[in-house]
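Remember, it's a predicted structure, so these values are computed and weren't measured experimentally.
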Number of protein chains: 2
Amino acid sequence: MILKSQVEWALHCCAILAGLPEGRYLSTKALAEFHGLPKEYLSKALQSLSQAGLVHTTLGPSGGYRLAKAPAELTFLEIVEAVEGRSRTFVCTNIRANNPCRAPGYCEETPCAVARIMWEADEAWRDKLRNVRLSDLVEILSKEIPSDLWKRSFEWVLERAG
Amino acid sequence: MILKSQVEWALHCCAILAGLPEGRYLSTKALAEFHGLPKEYLSKALQSLSQAGLVHTTLGPSGGYRLAKAPAELTFLEIVEAVEGRSRTFVCTNIRANNPCRAPGYCEETPCAVARIMWEADEAWRDKLRNVRLSDLVEILSKEIPSDLWKRSFEWVLERAG
DNA sequence: CTATTAAGGACAAAAAATATCCCTATTTTT
DNA sequence: AAAAATAGGGATATTTTTTGTCCTTAATAG
Ligand code: SF4
Ligand code: SF4
């Protein structure tokens, strides 16, 4: 069970977009080049963010993406769920229904304890991601990334932002 | 990102084995029949449990599986990890290494904040599963499952346990 | 000796992830 | 008005993972 690589891509792209000045847009092409990713496929991840309402887009030259909310209002969970989906990681195939001792039609209304426990763990994972904001990430990165690299990256992005 | 169905199978099988009297064994065949699962494939899940040391096996007629520890000493996490593996759900493909502004060979020693945050969420998921014992599950099931079905299932298993 | 079992290797089928390609409508620039 | 660049999205292909089957081997109980 491994998350799609698009999750990583989306998180990194949002981190970049968080640093974009008000009203400017960054294209798929620039984001793909910056991260060394296949442009067409990265585009699918960005479309997921767009469909989830996390980013705003414009068409045409100088078009692209910007965040739809302030980084302090955007959680990791929103980004992860946008590309990975909202379904639970444990799916119940209802194997208890096959119990040969069971009276037919019985015992299938509510999920059993196994499923509930697994779903609780799932929820703990989501809670953790829900409590990290994109602004938290940017803050950590700004401290950890060497300032010259940080600055050059910022300039690289600005040159290409429409 | 969805857990293998073998996770569900393994949990249900452990729940059954937890009710097995001391010193007796239940075969793959019986477990597969009880749950309506393909015997050969379920066998792979049970082999995973065996390799992880969670169950004990014997060969020959009347052979099969029993728990290697008391249900109170067996956690959900152990069972889940036995079949699903211990690797993290977020894998870092190190895309920051492609940053065109970066000085070559720089900034690749430690995982970045993105990975660390995702791994923390992973750990929260594991913590939750680590804190549920197989005995907890059995206790809940014994309350929730209709007593006649519970009793008949128990007898069904005993008839086939070697 | 025979029947039954777990273990495990080889292989096959199905599903999901990872792309690539191409067309359309829109918008900016020229 | 024309041209160029963009997001969106459908169709398709490739690769990897999951799911499942089949068969052989060694051990064990009766
Ligand atoms: S509800 Fe419980 S018993 Fe039924 S399939 Fe899900 S986990 Fe298994
Ligand atoms: S360490 Fe961070 S930057 Fe590097 S690939 Fe992993 S998530 Fe991305």
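- Nucleotide dT30(C): paired with dA1(D) (Watson-Crick or G-U wobble, both distances less than 3.5 Å).
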Taking N or O atoms only and anything under 3.5 Å, show me the protein contacts with nucleotides 19-22 of chain D, one pair per line.
{"unit_1": "dT19(D)", "atom_1": "OP1", "unit_2": "S5(B)", "atom_2": "N", "d": "3.3"}
{"unit_1": "dT19(D)", "atom_1": "OP1", "unit_2": "S5(B)", "atom_2": "OG", "d": "3.4"}

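- A straight line from CG of L31(A) to P of dT6(D) spans 11 Å, rounded to a whole angstrom.
- Note on E139(A) versus K143(A): salt bridge recorded, some NZ/NE/NH1/NH2 to OD/OE distance being below 4.0 Å.
- The nearest whole Å value for the distance from the NE2 atom in H35(A) to the C1' atom in dT18(C) is 18 Å.
- Using a 4.0 Å cutoff on non-hydrogen atoms, the parts of residues 54-65 of chain B near DNA chain C are T57(B), T58(B), L59(B), G60(B), P61(B), G63(B), G64(B), Y65(B), ordered by number.
- The pair R133(B)-D136(B) counts as a salt bridge, with a side-chain nitrogen and a carboxylate oxygen less than 4.0 angstrom apart.
- A cation-pi contact links R160(A) to W156(A), judged by a cut-off of 6.0 Å to the six-membered ring centre and 45° from its axis.
- Between W9(A) and L31(A) there is no side-chain heavy-atom pair separated by less than 4.5 Å.
- Between K29(A) atom NZ and dG8(D) atom P the separation is 18 Å, expressed in whole Å.
- For the OP1/OP2 pair of dG9(D) and a distance below 4.0 Å, the side-chain nitrogens and oxygens of Q51(A) include at least one atom meeting the criterion.
- In terms of position on DNA chain D, the residue among M1(A) and T28(A) whose nearest nucleotide sits closer to the 5' end is T28(A).
- K128(A) is not listed as a side-chain neighbour of V132(A), based on a closest heavy-atom distance of 4.5 Å or more.
- For W119(A) against F90(A), the heavy-atom pair with the smallest separation is NE1-O, 2.9 Å.
- Applying the 4.0 Å criterion to OP1 and OP2 of dA7(C), one finds that S50(B) has a side-chain N or O inside that range.
- Remark: P of dT18(C) and CD of Q47(A) are 16 Å apart, rounded to the nearest angstrom.
- Between the OH atom of Y25(B) and the P atom of dA7(C) there is a distance of 11 Å, rounded to whole Å.
- Residues E81(A) and R126(A) form a side-chain contact, since some pair of their non-hydrogen atoms from C-beta on lies under 4.5 Å apart.
- In this structure, L37(A) places its CG atom 9 Å from P of dA19(C), rounding to the nearest Å.
- Under the 4.0 Å criterion applied to side-chain N and carboxylate O atoms, E8(B) and R96(A) are not assigned as salt-bridge partners.
- One atom, CZ of R24(B), and another, C1' of dT28(D), lie 17 Å apart when rounded to the nearest Å.
- Across the protein-nucleic acid pair, L49(A) atom CG and dA7(D) atom P stand 13 Å apart, rounded to whole Å.
- Of the possible donor and acceptor atoms, none in the side chain of S43(B) sits under 3.5 Å from a partner among the backbone N and O of K39(B).
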